[in-house]
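Only one structure is covered here, and it is reproduced in the block below.
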2 protein chains.
Amino acid sequence: MSDTLAKKDRAAETRTRILDAAASLFRDKGYAAVSLRGIADAADMKAGSVYYHFKSKEEIVLEVLNLGIERVHKTVKAVFDTGKGNQENAALITDAICAHLETLLEHTDYTSANVRIHGQVPEAIRSEALVVRRRYEALWDDILAHGKAAGDIRQDVDLKMFRLMLIGSLNATLEWFDPEKGSARDISRAYAAILLNGLMDK
Amino acid sequence: MSDTLAKKDRAAETRTRILDAAASLFRDKGYAAVSLRGIADAADMKAGSVYYHFKSKEEIVLEVLNLGIERVHKTVKAVFDTGKGNQENAALITDAICAHLETLLEHTDYTSANVRIHGQVPEAIRSEALVVRRRYEALWDDILAHGKAAGDIRQDVDLKMFRLMLIGSLNATLEWFDPEKGSARDISRAYAAILLNGLMDK
DNA sequence: CATTAATTCTAACTAACGTTAGACAACAAA
DNA sequence: TTTGTTGTCTAACGTTAGTTAGAATTAATG
């Protein structure tokens, strides 16, 4: 019974093991620097066996990229859907920023792999991955439009540009983040405060 | 006369041609994806000849990285040195942001190569490049400290974190910048305004 | 137990990599 | 013209890359 289930899932589990290994390696070393033999090693198998589950390295990286975006997307969307009816916009946007940043820094290699290697993969892959990425950007456009409609946002801010800066600055934390020197939560709070209120006094 | 000079400089010119080619390729494709044959091609020579000027690929990338940082450093430092006596801090910081961003987006492949591949090079190289990078970060710490001393900066902002966010968000523009859709100058202005004043009204 | 299906492994292929040694060319000095 | 220096080229080296075909293994079905 659970045997049959386990059997059915065995291939899927191996697939996941390969993807996990790939995500972690891509995140650490970049796309080109990771070999299929390296991925296979980390997934406890031989290079040739990987091709039973994926037909190329590019297929693996595409799935890693998409899973990465989908995970942040889900988290941030949940925050927005929950809060948009009953939270102030400042609090709502702050929570959404925290959701993005904490997922990026703590919860999964997929998200950080996405950020780090998106610009390194072959163009055909990148443009496929862009489709999923655009959906996530659109979510942020919704969040910001929601705030603007309520009149809580400065009129002179270009929201497209703000969204680019927001996501860019959050993703850039990967380059220096060290959990020993400050929790993801603290960093999220500080980032949100600066993005919402700025640096200068008055 | 100018013959003798040209002769003396010939090796240096070739070196520069190699570095230019390498910077441009690294910027576009990442570190591992660029081959010495590719660099040689772009510099109009054969792969073996490159080794007359550099002893390894790592030596090339280290020089590209360092030249990249040094160029932004020089530009931003000039702005700071000129303005710190007679400019308001908001204007001074705005100008420094513009200097960084315009150098990054328009003036040289070296700077953008640095941003894109710093996380991809072998650790030995990265830690050498970090020395130069730290000097640039220290310049920004000076700029911000100068603003804080004048009382123009909000007391509750962690300046170390702000500096990380500032540089990170500026560098991230590389991922989407397209000169056809907006000049580097316009983007710089918009970024500075958001960083200094924030998103929210009041 | 025999058979079939689902995985994994072995072993190889071609192509490309960074690097090197030594022949060759270009040019200045003599 | 000969010589010496500087720079480039050719050709190869050993290694590793992504990928493939087919044998070997494992587990489920009859």
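All values reported here derive from a predicted model rather than from experimental measurement. Convention: sequence-line order gives letters A, B, ...; per-chain numbering from 1.
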Candidates D:dC9, D:dG18, C:dC9 - which lies nearest the side chain of A:L36:
D:dG18
According to the side-chain hydrogen bond (donor to acceptor under 3.5 Å, both in side chains) rule, which pairs have a member within residues 78-88 of chain A, sequence neighbours left out?
A:K77-A:D81
Would you list the pairs meeting ring-ring contact (aromatic ring centres under 6.0 Å, His included) in which at least one residue belongs to residues 35-73 of chain B, sequence neighbours left out?
B:H73-B:Y136
Phosphate OP1/OP2 of D:dG7 contacted by B:S49 side-chain N/O (<4.0 Å)
no
Write out all pairs satisfying ring-ring contact (aromatic ring centres under 6.0 Å, His included) with one or both partners inside residues 102-134 of chain A, taking only residues at least two apart or from two chains.
none
Give a yes/no answer on whether the side chain of B:S35 brings an N or O atom under 4.0 Å of OP1 or OP2 in C:dA16.
no
Test of understanding: with ring-ring contact (aromatic ring centres under 6.0 Å, His included), list the residues that count as partners of A:Y31, not counting sequence neighbours.
A:F26
Between B:N114 and B:R133: side-chain donor-acceptor atoms closer than 3.5 Å
yes
Determine which pairs satisfy ring-ring contact (aromatic ring centres under 6.0 Å, His included) with at least one residue from residues 170-193 of chain A, sequence neighbours left out, and list them in order.
none
Test side-chain hydrogen bond (donor to acceptor under 3.5 Å, both in side chains) applied to B:N66 - qualifying residues, sequence neighbours left out:
none
A:F80: which residues meet the ring-ring contact (aromatic ring centres under 6.0 Å, His included) condition with it, sequence neighbours left out?
A:H146
Would you check, one step at a time, whether the test side chain to side chain contact (heavy atoms under 4.5 Å, CB included) holds for B:V157 with A:N197?
CA-CA 10 Å; B:V157 175; A:N197 306 316; over 6 Å; no
For A:A78, side-chain contact (heavy atoms from CB on, under 4.5 Å) partners two or more places apart
none
Within residues 50-62 of chain B, those residues having any heavy atom closer than 4.0 Å to DNA chain C are B:Y51, B:S56, B:K57
With the criterion being N/O to N/O and under 3.5 Å, what pairs connect the protein with nucleotides 11-14 of chain C, and how long is each?
from: C:dA12; atom 1: N6; to: A:R37; atom 2: NH2; distance (Å): 3.3

When rounded to whole Å, the CG to C1' distance for the pair A:D41 and D:dA17 reads 14 Å
Going by heavy atoms closer than 4.0 Å, what residues in residues 14-33 of chain A are next to DNA chain D?
none
Which residues satisfy the side-chain contact (heavy atoms from CB on, under 4.5 Å) test with B:T75, sequence neighbours excluded?
B:A99, B:T103
Return the value, rounded to whole Å, for the distance between atom NZ of B:K46 and atom P of D:dA12.
15 Å
